[in-house]
Asks: 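One structure, pasted below without further comment.
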There are 2 protein chains.
Amino acid sequence: MNRKAIPARATHRIATDASVIFERHVRAEGLKSSQVRLGLVRAIAAMAGHFTAEMLQARLMRRGSVSKATLYRTLAMMQDCKLLVSHDFGGGALYFESALNQPHHDHMYCLGCGAISEFTSRGIEALQARIAAEAEFELTAHSHKLYGYCAPCARRAHKRTSEVEPGRRSG
Amino acid sequence: MNRKAIPARATHRIATDASVIFERHVRAEGLKSSQVRLGLVRAIAAMAGHFTAEMLQARLMRRGSVSKATLYRTLAMMQDCKLLVSHDFGGGALYFESALNQPHHDHMYCLGCGAISEFTSRGIEALQARIAAEAEFELTAHSHKLYGYCAPCARRAHKRTSEVEPGRRSG
DNA sequence: ATTTTTGCAAATGATTTGCATTCTT
DNA sequence: AAGAATGCAAATCATTTGCAAAAAT
C-alpha cells in the first residue's frame, strides 16, 4: 500500500485540486492569496508519501528557497483545511502526508530504516468505536501506530547474533 | 478503570518493589546507587495515574527539591528497567506512568479537560498482530490513542451552541 | 582513590513568533 | 492605502548535556 512514483499528469491534477480547496479556505478566512504560498501548496499537495518539514524544504530548495517560517505557516494552514495530515512517530520531527482524497489509515513505522507503511482495519475501527461508546467517550480522532521492523530490516537483524532491543519509546 | 487513591500500605510496597528492581538494574549496569535517586524512584513508582515531569517536580518540591537534570535522568533509567512507561499525547510534554505490575493498556485522552483513561481490547491486539504478520512486519511495540471528550466534557459542550472543533492534531 | 551522581547553566532542536519590508487587494 | 504575507532572527519549551563539586564504592 505504499504510494510511490505518481505520474506527472496525476500530480498536476492533485496540485490543482489542492489549490482550489486552499484558496477557498483563504477566502473563507478573509486572508489574502499569494504566489509564494500557492506554489508551496501545489508542491506539498503533490508530495508522495510521508515527509518532514526538513525533507520538504530540502526538496523545495531546488527551485527558489522558502523560509522555514512560511513553510511551517503554510503547513499549518493546509492542515486547517484538511489538505494535509501530520503524524508524530516520536523522532522529534513531525511527518506530514497529503490528505487529498486519501482515506483514513494508520501506520507502521520501521525502527530499523524509518520506513512508514499504512494499514486499515474495519475491525479495529469498529472495536475502537465500541470501546469509546461504552466509556461514554465522544471520539473525535485517534492515532494507532505499530512499531517494529519491516521485512528487510527484520531479516537483516536475524542474521547478526546480538541485536539491541529498541529502548524506551514514548507510546 | 482509573487508578486513584492508593492506600498508604500499598504505595509503600510498590516503592519497595520498585527500588529492588531499580537497584538490580543499577548493579547490572555497573553503576552506583544513590540516596537522591532511590528516593526519587520510590516516589515516582508510587505515583498514581499519569503525570508529566513538571507535575512530578511540583509534587516532589514539597520535600527537598530535585534538579530537572536528575529528574529526567532517573525517569530515563526507570524506563530502561521497565518501571516506567511514557506516552506522548501531543501536548508537548510526555506523560509518564508507573509500569510496576501494570498490564499493558492503551489510552483515551480528553481534549476538554486533559483527563486520561485506559482501555484494553483483546480483539484489537489480535487484529493488530494479524495485520503485522501479513505485512511481515516484526511488531515490537504499538501506540493506540483515542482523542475526544470524556462524558462530563461532552455534556458541557452540548449545552453551548457553538463548539470549536479540535484543530490540527498530529496523530 | 576512582568512578558515578548531582545540579547548574548552557545547549539542543523542532517549531513559533516579533517585526520591518514586500505583496495583494 | 490598508491589511496580509514573507523572511530573518530571536524566542519557545521540553528535554539533554557539559562540567565542577559532592557522594558512593
Asks: Could you tell me whether a side-chain N or O of R37(A) sits under 3.5 Å from a main-chain N or O of K32(A), the two making a donor and an acceptor?
Replies: yes
Asks: Would you kindly give the OH-to-P distance between Y95(B) and dT15(D), to the nearest whole Å?
Replies: 11 Å
Asks: So, using side chain to side chain contact (heavy atoms under 4.5 Å, CB included) as the criterion, who are the partners of L139(A) when residues are at least two apart?
Replies: Q128(A), A132(A), F137(A), L146(B)
Asks: Just how far, in rounded Å, is C1' of dT5(C) from NZ of K68(B)?
Replies: 19 Å
Asks: Specify the separation, in whole Å, of atom CG of L71(B) and atom P of dT16(D).
Replies: 11 Å
Asks: Verify the contact: side-chain N or O of S67(A) to OP1 or OP2 of dT6(D), cut-off strictly under 4.0 Å; return yes or no.
Replies: no
Asks: Using ring pair (Phe, Tyr, Trp, His ring centres under 6.0 Å) as the criterion, list what pairs up with H25(A), not counting sequence neighbours.
Replies: none
Asks: With sequence neighbours left out, what residues match H12(B) under ring pair (Phe, Tyr, Trp, His ring centres under 6.0 Å)?
Replies: none
Asks: Tell me the interatomic distance from L75(A), atom CG, to dA14(C), atom P, rounded to whole angstroms.
Replies: 14 Å
Asks: Please enumerate all residues that pass side chain to side chain donor-acceptor pair (under 3.5 Å) together with E29(B), with sequence neighbours excluded.
Replies: none
Asks: I need the CZ-P distance between F89(A) and dA14(C), as an integer number of Å.
Replies: 17 Å
Asks: For nucleotides 18-25 of chain D, read 5' to 3', which letter fits each nucleotide if B means a protein heavy atom sits under 4.0 Å from the base, S means only the sugar-phosphate is that close, and - means neither?
Replies: B-----BS
Asks: To the nearest angstrom, how far is E29(B) atom CD from dT3(C) atom P?
Replies: 18 Å
Asks: Could you state the atom-to-atom distance from CD of Q57(A) to C1' of dG13(C) in whole Å?
Replies: 14 Å
Asks: Report the residues that fulfil ring pair (Phe, Tyr, Trp, His ring centres under 6.0 Å) with F51(A), sequence neighbours left out, ordered by chain and then residue number.
Replies: none
Asks: Can you tell me the distance, in whole Å, between the CE atom of M77(A) and the P atom of dT15(C)?
Replies: 18 Å
Asks: Please state whether the phosphate of dT16(C), meaning OP1 or OP2, lies under 4.0 angstrom from any side-chain nitrogen or oxygen of Y72(A).
Replies: no
